[in-house]
Amino acid sequence: MSLAISLRSEMLKTRRTASFWLALIGAAFIPVIFFLVYVLKADKMVKQLQMMPWESHLFMNWQVFNAFLFPMFIIMMAALVPQIEYRNNTWKQVFASPQSNAEIFFSKFLAVQGMVLLCVVSFNVFVILAAVVANVIHPQYSFFKASFDWEALVRLNLRTYASVLGISALQFLLGMRFKSFIAPVGIGLALLIGGQVASGFHWEHADLIPYSHPTLTLQSIAQKKGGWFVQHEYLSIAYAAGFLLLGYLDLRFRKEKG
């Protein structure tokens with residue numbers, strides 16, 4: 001069985017869970033809040049967004065998204081996908097199927113990434129829609145008059161995704177290791193809080209903590225540092241490769257599977 005077929009099977013199983021709706025709801029939550037603020041507090045927000053409206057709007061949304069909601073979504077998703085087998089007690093059937101350990105492991109990881117990308121793409125759509133609809137309701141907003149920097153948005157998305165790869169791989173390793181849903185989520189939440197504290201206090205070694213990377217990415221973009229990627233984002237990619245290797249070896253040589 002090829003990796004593509006295994007991935008298709010994992011995506012079909014994921015669609016039967018709450019993961020799909022969790023991705024959409026998580027993506028819509030922040031833009032909806034900003035949309036309501038723009039509509040209900042138009043007098044105040046029009047002045048605040050008068051200069052560089054799109055840049056300000058995108059930064060405010062991504063600031064909240066990157067700091068907690070997006071990493072927390074990844075923590076939950078990386079635990080939910082392995083839980084499909086643990087909850088239904090179907091690991092033995094999975095390992096008895098004509099799939100290699102690598103196909104089983106990486107198809108599940110790619111299924112997690114599929115949900116992550118769905119969340120990111122949906123978030124971008126909802127963020128843009130929030131500004132457009134608010135401008136339709138209150139024409140005094142200047143979104144329609146200002147230019148939109150698509151290249152900056154693509155760069156922001158790519159750098160954000162690179163910054164969460166380390167978190168995603170580590171949480172997936174934990175999700176595959178623990179039978180309980182609570183254990184990997186609890187560990188991830190504790191590490192996320194620690195990472196936020198480290199980056200918030202500008203600790204000089206915060207870039208070594210994967211859970212600090214999303215916030216550090218937004219900080220570097222705000223300060224206009226770097227090109228497409230900076231040091232901690234490369235480190236996040238390296239972490240992802242290392243954690244995935246450890247996770248695969250753990251699954252490969254685990255005596256009791258599932």
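Since the model is a prediction, treat every value here as computed from it, not as a measurement.
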With no hydrogens and no angle check, just 3.5 Å: does a side-chain donor-acceptor pair link [X] and [Y]?
X    : Y    : answer
S212 : Q196 : no
S168 : Q113 : yes
R159 : S220 : yes
S163 : H232 : no

Looking at every heavy atom in both [X] and [Y], which two are closest together, and how far apart are they?
X    : Y    : answer
A162 : S236 : O-OG, 2.6 Å
V185 : A79  : CG2-CB, 3.9 Å
F181 : M76  : CE1-O, 3.9 Å
C119 : F65  : SG-CZ, 4.0 Å
F143 : A131 : CD1-O, 3.6 Å
Y211 : L170 : OH-CD2, 3.4 Å

To the nearest 0.5 Å, what is the distance between [atom1] on [X] and [atom2] on [Y]?
X    : Y    : atom1 : atom2 : value
E233 : L165 : CD    : CG    : 10.5 Å
M77  : M115 : CE    : CE    : 7.0 Å
L251 : R177 : CG    : CZ    : 9.0 Å
E151 : L156 : CD    : CG    : 12.5 Å
Y141 : M45  : OH    : CE    : 6.0 Å
L218 : T160 : CG    : OG1   : 7.0 Å

[X] (side chain) donor-acceptor with [Y] (main chain) under 3.5 angstrom:
X    : Y    : answer
S142 : K145 : no
N66  : T215 : no
D250 : L246 : no

Give a yes or no on this: more than 12 heavy atoms of other residues, nucleotides or ligands lie within 6.0 Å of atom [atom1] of [X].
X    : atom1 : value
Q231 : CD    : no
L40  : CG    : yes
F29  : CZ    : no

key: Any residue meeting ring pair (Phe, Tyr, Trp, His ring centres under 6.0 Å) with F34, in chain and number order, not counting sequence neighbours   =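 Scan of F34 (ring pair (Phe, Tyr, Trp, His ring centres under 6.0 Å), adjacent residues dropped) gives none.
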Shared hydrophobic cluster for [X] and [Y] (ILVMFWY, side-chain gaps under 4.5 Å):
X    : Y    : value
I25  : V32  : no
V121 : L58  : no
V127 : M52  : no
L36  : V133 : yes
I33  : L24  : yes

Check whether any side-chain heavy atom of [X] lies under 4.5 Å from a side-chain heavy atom of [Y], and answer yes or no.
X    : Y    : value
H138 : V46  : no
I137 : Y38  : no
K47  : Q140 : no
I128 : V132 : yes
E85  : Q93  : no
P184 : I75  : no
L110 : L3   : yes
F126 : N61  : no

task = For the residue pair H57 and W54, categorise the inter-ring angle as parallel (less than 30°), tilted (30 to 60°) or perpendicular (more than 60°).
result =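 The arrangement is perpendicular - the two ring planes meet at more than 60°.
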inquiry  = Classify the ring geometry of W203 against H205: parallel below 30°, tilted from 30° to 60°, perpendicular beyond 60°.
reply    = perpendicular
task = For this output row, return yes or no: ring centroids of F172 and F105 closer than 6.0 angstrom.
result =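 Centroid separation for F172 and F105: below 6.0 Å.
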ask   = Strictly under 6.0 Å, is that where the ring centroids of W62 and F70 end up?
value =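 That pair fails the under 6.0 Å test.
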ask   = Could you walk me through whether V81 and F109 pass the side-chain contact (heavy atoms from CB on, under 4.5 Å) check?
value = CA-CA 8 Å; V81 170; F109 178 73; over 6 Å; no
Verdict with reasoning, F73 to V120, per side-chain contact (heavy atoms from CB on, under 4.5 Å) = CA-CA 11 Å; F73 169 78; V120 172; over 6 Å; no
task = Mind running side-chain contact (heavy atoms from CB on, under 4.5 Å) on H213 and Y239 for me, showing each step along the way?
result = CA-CA 11 Å; H213 292 169; Y239 276 145; 3.9 Å; yes
query = Taking M60 as the fixed residue, which of L49, V37, I30 is the one that meets the side-chain contact (heavy atoms from CB on, under 4.5 Å) rule?
reply = L49
